[in-house]
Amino acid sequence: MEYLKIMDELSFSRIIQGFWRLVQWDWDAKKLEEFMQGCIQRGVTTFDTAEIYGFGECETQLGRVFARNPSLRHKIQLVSKTGIFNHDGFKYYDTSYERIKTSCKESLQRLSCDYLDLYLIHREDPCFDPRETARAMLELKKEGLVKEIGVSNFDPYKFQALNEFAGNQLCTNQIEWNPCCYEHIQSGMIDLLTQKEIHPMVWSPLAGGKIFTSQEAPYVRVREKLAEIGQRHGVAAEVIAYAWILYHPVKAMPIVGSRKLSRLDNAIKALDVKLQRWEWYEIYTASTGERLR
Ligand SMILES: NC(=O)c1ccc[n+]([C@@H]2O[C@H](COP(=O)([O-])OP(=O)(O)OC[C@H]3O[C@@H](n4cnc5c(N)ncnc54)[C@H](OP(=O)(O)O)[C@@H]3O)[C@@H](O)[C@H]2O)c1
C-alpha cells in the first residue's frame, strides 16, 4: 500500500474504504470487525463515514466495533462529516458554528471514540458563513476532538473562502470523480488542488457501480473501453477504472464503496498499473463522446 502525507502529522492510505452503504449490508459487529481487519491487513487503514449515513446508524455500527476492540481505533485514520440534516424527512444543510460543534461531539459519542483524524463539511451550504464555519472547525482542532479539517463537494470559490479563514489548514476536498463524472475537472477544482498539493478523496470512483451495471450510453462505452484496456494490461476492467483516477498528478485517494474485499483488492491492484497518457484519453473520450481537436 502507498500512503500519502495529507498534513505534517497525518498520512492516509492511498486506497480508502467507505462505509456509506454499511447499514444496507445488514452485518453484525463481528462481521463488520472481520471486514475492518481485512482492510487493515491489506494496508487500507483510512475509513470514511458521515453523521448522515443511516441517520447516525453507520457511525453507531462502527462505534460498536471500536467498543468491542479499542485497539482497532489506533490502527486506522477515521474520517467523518457534518452538515447534512433532516427535519421530519426534509433534507437541509447547516454549517453554523453551534451545529458543527454539537455534531462533532455527537459523532464521537456514536463512534465510541475520543477524536476524529479528519472532520469534513459534507456539502456546500448556500447559507455558509466561512468565518463562522472556520471558527468552529479550528476550535474542534484546538480541543483535540479532530486532528485535521477539510471539506467535501466544495467548488473552488467556497474552498478558497473557507481555507482563508481556516488559516490554510484545509487538507482535502472529498469529491465525486470517475470516468463518467467531470464536475470538478470542469470547475477547476482539481487544478486548484494540484496547484496547492492537496490530495482529494474521491467518492463513487465506480459511479456507485453504474460503470458496470448501467445501460446508459456513456457508461456502456466506458465499460467496453475499460475492458479492452484491461485486456491489454492483463487486469480486470475495474482495476483500470481506479488506475484512471490514480493516474492524475493531483494524487487522488479513491474511496471504495464495496462490501467485498475482492473488490477492494482490485482497487489496490490499480496502484501497480501504469496507464499510457493516450489510454487515459481513450477512457475520457469514450465517456464524453468527444473528438478532441
Ligand atoms: N462526500 C460525499 O458526498 C459522498 C457521497 C457518496 C459517497 N461517499 C463516500 O464514498 C464511498 C464510496 O462511494 P460509493 O459507494 O458510491 O463507491 P463505488 O465504489 O463507486 O460504488 C460502490 C457500489 O458499487 C457496487 N459495485 C462495485 N463494483 C461493481 C461491479 N463490478 N459490478 C457491479 N456493482 C459493483 C458495489 O456493490 P458491492 O458492495 O456488492 O460490491 C457498491 O454498491 C462511500 O462509502 C462514502 O464513504 C461520499
Side-chain angles (χ1 to χ4, degrees), residues 12-13 15-27 31-32 35-36 38-39 44 46-54 57-59 61-62 76-85 91 93 95 107 111 116-125 149-155 158-159 170 172-181 183-184 189 200-216 219-220 222-224 226-227 230 235-246 252-270:
F12 276 5
S13 54
I15 304 297
I16 294 171
Q17 178 63 44
F19 288 93
W20 173 33
R21 299 169 194 272
L22 172 63
V23 179
Q24 296 164 31
W25 300 345
D26 201 19
W27 288 350
K31 177 108 170 87
L32 177 56
F35 179 79
M36 287 159 80
C39 295
V44 175
T46 306
F47 292 173
D48 183 71
T49 184
E51 66 182 341
I52 191 67
Y53 296 170
E57 181 58 22
C58 178
E59 289 182 333
Q61 290 191 16
L62 291 168
I76 62 142
Q77 303 80 44
L78 188 56
V79 183
S80 194
K81 322 181 192 78
T82 183
I84 307 179
F85 300 92
K91 197 179 264 185
Y93 302 146
T95 54
S107 281
L111 285 160
L116 291 166
D117 292 279
L118 177 63
Y119 199 39
L120 306 177
I121 301 297
H122 203 151
R123 283 206 169 265
E124 292 183 342
D125 167 9
I149 56 173
V151 294
S152 178
N153 302 301
F154 269 42
D155 68 27
K158 288 196 175 63
F159 184 93
L170 296 185
T172 195
N173 189 2
Q174 185 177 123
I175 54 174
E176 184 180 16
W177 188 20
N178 60 61
C180 293
C181 172
E183 176 187 344
H184 296 281
M189 189 70 235
M201 299 170 73
V202 172
W203 62 268
S204 289
L206 303 180
K210 278 190 284 181
I211 287 183
F212 296 99
T213 56
S214 172
Q215 291 315 311
E216 286 175 47
Y219 294 106
V220 174
V222 165
R223 178 152 76 232
E224 287 170 354
L226 293 173
V235 296
E238 241 179 84
V239 177
I240 301 297
Y242 288 109
W244 185 86
I245 293 168
L246 294 169
M253 301 172 284
I255 315 173
V256 175
S258 173
R259 66 176 133 183
K260 296 177 182 140
L261 291 171
S262 58
R263 287 187 168 157
L264 184 59
D265 287 334
N266 278 330
I268 296 168
K269 227 177 259 172

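Whatever order the structure lists them in is the order used to number ligands and atoms, beginning at 1.
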- Does K81 come within less than 4.0 Å of E51, counting only side-chain N to carboxylate O?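 A salt bridge is absent here (no side-chain N lies under 4.0 Å from a carboxylate O).
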Within-cut-off N or O pair, [X] and ligand 1, under 3.5 Å:
X: F212; answer: no
X: S204; answer: yes
X: V256; answer: no
X: Q174; answer: yes
X: K81; answer: no
X: T213; answer: no

- Item | Best match, Q17, K260, K210, R263: closest heavy atom to atom 28 (N) of ligand 1 |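 Nearest option to atom 28 (N) of ligand 1, by heavy atoms: R263.
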- Out of S80, G208, S214, P254, whose heavy atom sits nearest atom 18 (P) of ligand 1?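 Checking each option, the heavy atom nearest atom 18 (P) of ligand 1 is found in G208.
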- Close-contact set for ligand 1 against D48 heavy atoms, below 4.0 Å: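 Under 4.0 Å from D48, ligand 1 has these atoms: 9 (C), 46 (C), 47 (O).
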- Message: So if I count the atoms of ligand 1 from 1 in the order they appear, which ones are less than 4.0 Å from some heavy atom of N153?
- Response: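 Once the distances to N153 are compared, the set is 1 (N), 2 (C), 3 (O).
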- Task: With rounding to the nearest 0.5 Å, note down the distance linking CZ in F154 to CG in L170.
- Result: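 Rounded to the nearest 0.5 Å, the CZ-CG separation comes to 8.0 Å.
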- Message: With no hydrogens and no angle check, just 3.5 Å: does a side-chain donor-acceptor pair link S204 and E176?
- Response: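 No, E176 and S204 have no side-chain donor paired with an acceptor closer than 3.5 Å.
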- Item | Whether N173 side chain and N153 backbone form a donor-acceptor pair below 3.5 Å |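 Between the backbone of N153 and the side chain of N173 there is a qualifying donor-acceptor contact (under 3.5 Å).
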